[in-house]
Amino acid sequence: MKKCIALILALALTLALAACGGNSAPATTEAPAAEAPAADATEAPAADGTEAPAAEQPGAGKSVGIAMPTQSSERWINDGANMKAQLEALGYEVILQYAEDDVQMQVSQIENMVAQMVDCLVIAAIDSGALTAVEAQAKAAGIPIVAYDRLLMDTDAVSYYASFDNEGVGRVIGEYIETAMDLANTTESYTIEFFMGSPDDNNAVLLHKGVMSVLQPYLDNGTLVCKTGRTSFEETCILRWSQETAQQWCENYLSGFYADEDLDIVCSAFDGFAYGCRSALEAAGYTEENWPLITGQDAEVMATKNIIAGKQTMSIYKDTRLLAEKCVTMVNAVCNGTEPEINDTTTYNNNVLVVPSYLCTPVAVDASNYQELLIDSGYYTAEQLDLA
Ligand code: BGC
């Protein structure tokens, strides 16, 4: 009830301010970027005359609320920073908030953004099942929503979805293992364990589906042997993508099932899991001699260093600059009535509607191509990877 009253008061205040012709952009915990134009400066041409007048900036006088899951993993920090910079360059004011994987915190952050009447919401959900009520509030207030990286399930309030081909991520991981171990031709058998993503993240379900579309036949014919027997999504998913849980599981698997035989393949859906498994393997005495093939996702700085050092075999490179760019075109579309670029209108059914999507392509990165993919492309500097 209290929340309701606060919401109504905040709405009334914002509307009153807007009616007075003041800057309706919300008060934020973060300082707006210095170069973002003020709402009432839209008529003034740039002083040096080289830039378009602020009025021509699609974001002039508009604000965007970005709700991100956590800063505990590097990728989301980059996603948030890229999107903020790109939106601010177009004149939008940006409220960027992280909820540290606390579902309730994310709900209240979005409630506040709705109360502040942002012009658009961009949400990368922690648990999208918990967001349906606040999404309905946003819709009722006329605030469009763009789903970022993770699909928003069970809602009709989402306009667009920017992501990577999430089943494709799993397929690329599966195919990497298939090629590296020459599964199609070998007469050997290899042991494998699976560490899959969070059950409340639609991406994790799709990733597992993609992995299994490649590896299931090899489990069926005995080329791959999973000694724990845990291969289904339900048996291998790790809540909130927890590195600690992955480490714990790996320790238990190694002591319980791999005392007499080495683990050959760690099929991990996330760089964080790869770090946890690395620690477990080192503690169990694995060395260069019997180090397993370890997969990951996100090509984080630490993962890339581990790839260079031979402690992780591959990761999935997802260019967050590109993803942010696609998302920004969607924000512009909902804020200015333009058409964003869409390349998928069939795959992402959120149980209520098929959300028009732009899917970027995931790419496998390993020791053979990190230089070209990550450094030459400017994604990381050689210094960041301790190479210079
Ligand atoms: C993202 C991955 C990320 C994972 C854990 C997923 O939804 O698609 O890129 O590794 O969340 O943060």
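These numbers come from a predicted model, not from an experiment. Both backbone and side-chain heavy atoms feed into the values below; hydrogens, waters and symmetry mates do not. All ligand and atom numbering here is 1-based and tracks the order in the structure.
- Atom numbering of ligand 1 starts at 1 in the shown order; those under 4.0 Å from a heavy atom of R150 are 4 (C), 5 (C), 6 (C), 7 (O), 11 (O), 12 (O).
- Of the protein's heavy atoms, D298 OD2, 3.4 Å lies nearest to atom 3 (C) of ligand 1.
- Residues V172 and M196 are members of one and the same hydrophobic cluster, defined by side-chain heavy-atom contacts under 4.5 angstrom among Ile, Leu, Val, Met, Phe, Trp and Tyr.
- Put simply, I177 and M314 are part of the same group of oily side chains (I, L, V, M, F, W, Y) that touch within less than 4.5 Å, one to the next.
- Residue-to-ligand polar distances keep N166 apart from ligand 1: every N/O pair is separated by 3.5 Å or more.
- Using the six-membered ring where Trp is involved, Y317 and Y379 have ring planes that are perpendicular, over 60° apart on the 30 and 60° scheme.
- The distance from ligand 1 to the heavy atoms of D201 drops below 4.0 Å at these ligand atoms: 6 (C), 7 (O), 11 (O).
- At least one test fails for K209 against the ring of F233: distance under 6.0 Å to the centre or angle within 45° of the axis.
- For ligand 1 and D149, the ligand atoms under 4.0 Å from any heavy atom of the residue are 1 (C), 6 (C), 7 (O), 8 (O).
- For the pair W76 and ligand 1, a heavy-atom separation below 4.0 Å is found.
- Closest to atom 5 (C) of ligand 1, if we only count protein heavy atoms, is W241 CD2, 3.4 Å.
- Distance alone, capped at 3.5 Å, places no donor-acceptor pair between the S128 side chain and the L152 backbone.
- Heavy atoms of T70 found under 4.0 angstrom from ligand 1: none, in either backbone or side chain.
- Within ligand 1, counting atoms from 1 as listed, the ones closer than 4.0 Å to a heavy atom of K318 are 1 (C), 2 (C), 8 (O), 9 (O).
- Figure legend: cation-pi geometry between K326 and Y358, with NZ or CZ positioned under 6.0 Å from the six-membered ring centre and within 45° of its axis.
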